[in-house]
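Every number for a ligand or one of its atoms is a count from 1 in the order of the listing. Worth saying up front: this structure is predicted, and the values here are computed from it rather than measured.
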Amino acid sequence: MGKERGATIGTEMLEDLIDKAGGCAVVDGGFATQLERHGACINDPLWSALCLIKDPDLIKKVHLEYLEAGADVLVSSSYQATIPGFLSRGLSMGEAEELLMKSVKLAVEARDEFWDIKKDMQGHIYNRALVAASIGSYGAYLADGSEYSGCYGPNVGLEKLKDFHRHRLQLLVEAGPDLLAFETIPNKLEAQACVELLEEEKVEIPSWICFSTVDGENCPSGESFKECLDIINKSNRVNVVGINCAPPQFMESLICKFKELTEKLIIVYPNSGEVWDGRAKRWLPSKSFGDDKFELIATRWRDLGAKLIGGCCRTTPSTIQAMSKVLKERS
Ligand SMILES: C[S+](C)CC[C@H](N)C(=O)O
Ligand SMILES: N[C@@H](CCS)C(=O)O
Ligand SMILES: [Zn+2]
């Protein structure tokens with residue numbers, strides 16, 4: 001079935017955190033969402049990466065808020081931060097490279113400061129968090145909603161996708177995160193590009209690859225998750241697979257499906273259920289989950305086999321706090 005995990009690089013570090021967290025580690029929540037709640041204006045082709053230029057202190061503040069809420073894993077602010085994106089804003093290559101590395105450093109600084117304060121406090125409930133460097137899909141960079149369609153057009157092939165991701169990945173790794181987080185991958189070709197790149201660059205830290213979905217059954221391109229996971233299963237540089245930024249009501253059946261298709265650890269961090277209108281660049285209200293529903297459903301996702309659970313767009317520190325509370329309850 002091609003389910004073998006083999007000796008996957010760096011899995012011990014993740015398994016250790018998962019154990020310490022009581023069987024399921026908590027990932028942070030919507031990063032851009034929380035920047036916006038603090039008043040950041042990110043209606044821009046760079047989206048949340050605009051804050052790397054304009055307000056890095058706010059980025060650190062949001063990381064600290066998610067740590068306080070109970071996140072065991074912080075995802076860096078690099079989702080839509082890219083070299084071509086920064087160059088098109090008139091930044092130099094050196095400045096663009098520095099900003100990418102800074103995204104990781106801000107998360108590491110927040111983690112270290114937070115842990116320095118908490119680690120010796122009596123009876124605290126925290127773990128030393130890991131920092132995952134976010135690598136948003138090519139569709140995120142295009143800023144046309146294609147991370148939810150998977151349609152990159154006929155001119156985007158495997159080599160182009162690898163070229164797009166390569167330099168950023170090198171810089172993010174150099175900045176010293178604990179792991180890499182590929183987010184909202186919408187098609188099989190980009191999953192293959194990520195896998196090949198990890199191999200070509202001989203990346204020695206663990207990584208996760210997360211897909212988006214709009215129908216709850218396949219990835220946005222319509223290709224099956226079986227096709228996608230068959231590619232990922234062959235790699236010993238991908239430790240975790242799952243779903244991010246898709247409606248929470250899809251998670252139960254997708255965790256079960258992924259359990260059938262892979263031996264890798266499973267992660268889910270859905271959005272609130274609202275839908276992104278890529279043209280109007282706004283969230284459309286629809287059946288969305290509040291924190292109370294996330295709190296009720298998180299243990300179900302854990303019991304079905306998810307080992308990392310968090311939130312994506314339109315979730316907030318209070319969502320993460322609610323899930324952390326139930327996931328870490330000691331019986
Ligand atoms: C996860 S979506 C809401 C991110 C923003 C999108 N890539 C855009 O720029 O429109
Ligand atoms: N890590 C990103 C993902 C966007 S889909 C964020 O939370 O903003
Ligand atoms: Zn999202």
Side-chain angles (χ1 to χ4, degrees), residues 26-38 40-52 58-59 62-63 65-66 69 71 73-82 84-86 88-89 103-104 106-107 131-152 164 168 172 177 179-186 190 208-214 220 242-248 250-251 267-286 288-289 294 308-317 319-320:
V26 175
V27 181
D28 66 9
F31 192 79
T33 299
Q34 188 62 4
L35 293 173
E36 283 189 302
R37 288 178 83 228
H38 283 297
C41 177
I42 57 170
N43 190 344
D44 185 278
L46 288 179
W47 200 50
S48 54
L50 190 61
C51 278
L52 278 166
L58 182 58
I59 290 178
V62 170
H63 286 316
E65 288 173 333
Y66 277 117
V73 183
L74 290 182
V75 180
S76 72
S77 50
S78 42
Y79 177 77
Q80 208 147 311
T82 63
F86 286 139
S88 73
R89 304 303 277 261
S103 68
V104 172
L106 287 166
V131 170
S134 170
I135 301 179
S137 56
Y138 182 65
Y141 156 70
L142 292 178
D144 61 358
S146 55
E147 67 260 69
Y148 303 110
S149 73
C151 298
Y152 290 167
F164 165 74
R168 172 170 59 163
L172 292 173
L179 66 152
L180 295 180
F182 293 94
E183 302 192 282
T184 63
I185 301 299
E190 195 163 18
W208 77 53
I209 296 184
C210 279
F211 295 89
S212 46
T213 178
V214 285
I243 303 287
N244 81 290
C245 215
F250 293 158
M251 298 305 120
I267 177 170
V268 289
Y269 56 111
N271 58 33
S272 67
E274 289 155 271
V275 173
W276 178 248
D277 179 341
R279 239 185 290 169
K281 290 198 175 292
R282 67 189 179 101
W283 291 96
L284 303 173
S286 50
S288 77
F289 274 36
F294 274 100
L308 294 123
I309 295 178
C312 204
C313 296
R314 313 293 282 169
T315 68
T316 69
T319 320
I320 299 311

_Contact list for residues 275-286, test side-chain hydrogen bond (donor to acceptor under 3.5 Å, both in side chains), sequence neighbours left out_ = none
*Got an N/O contact under 3.5 Å between Q80 and ligand 1?*
yes
_Would you say H63 and Q34 are linked by a side-chain donor-acceptor pair, where the criterion is simply a distance under 3.5 Å?_
no
*asked:* Measuring from atom CD1 of I59 to atom CG of L52, what distance do you get when rounded to the nearest 0.5 angstrom?
replied: 4.0 Å
*Rounded to the nearest 0.5 Å, what separation is found between the CG atom of L180 and the CH2 atom of W208?*
10.0 Å
*Under 3.5 Å, side chain of T33 to main-chain N/O of R314, donor-acceptor pair present?*
yes
*Going by distance alone, is a donor N or O of one side chain under 3.5 Å from an acceptor N or O of the other, for Y138 and E147?*
no
*Without swapping roles, check the side chain of T315 against the backbone of N271 for a donor-acceptor pair under 3.5 Å.*
no
*Quick one: does ligand 1 sit under 4.0 Å from the side chain of Y148, the backbone, both or neither, non-hydrogen atoms only?*
side chain
*Does A140 reach ligand 1, in the sense of a heavy atom lying below 4.0 Å from it?*
yes
*Protein N, O or S atoms less than 2.8 Å from the Zn ion (ligand 3), ignoring waters?*
C245 SG, C312 SG, C313 SG
*Please indicate whether R89 has more than 12 foreign heavy atoms, meaning atoms of other residues, nucleotides or ligands, lying under 6.0 Å from its CZ.*
yes
*Could you list the residues that satisfy side-chain hydrogen bond (donor to acceptor under 3.5 Å, both in side chains) with T184, not counting sequence neighbours?*
Y79, S137
One line per pair, note the atom names and distance for all nitrogen or oxygen contacts under 3.5 Å between ligand 2 and the protein.
| residue | atom | partner | partner atom | Å |
| --- | --- | --- | --- | --- |
| ligand 2 | 1 (N) | E183 | OE1 | 3.0 |
| ligand 2 | 1 (N) | E183 | OE2 | 3.3 |
| ligand 2 | 7 (O) | F31 | N | 2.8 |
| ligand 2 | 8 (O) | A32 | N | 3.1 |

*Given side chains that start at C-beta, do those of F294 and P270 come closer than 4.5 Å, heavy atoms only?*
yes
_So Y141 and P84, do their side chains get closer than 4.5 Å, heavy atoms only?_
yes
*asked:* Looking only at side-chain N and O atoms, does E183 offer a donor or acceptor that is under 3.5 Å from a partner on Y269?
replied: yes
*asked:* If I apply the N/O under 3.5 Å rule, does K281 come out as touching ligand 1?
replied: yes
*Numbering the atoms of ligand 1 from 1, which are under 4.0 Å from a heavy atom of E147?*
1 (C), 2 (S), 4 (C), 6 (C), 7 (N)
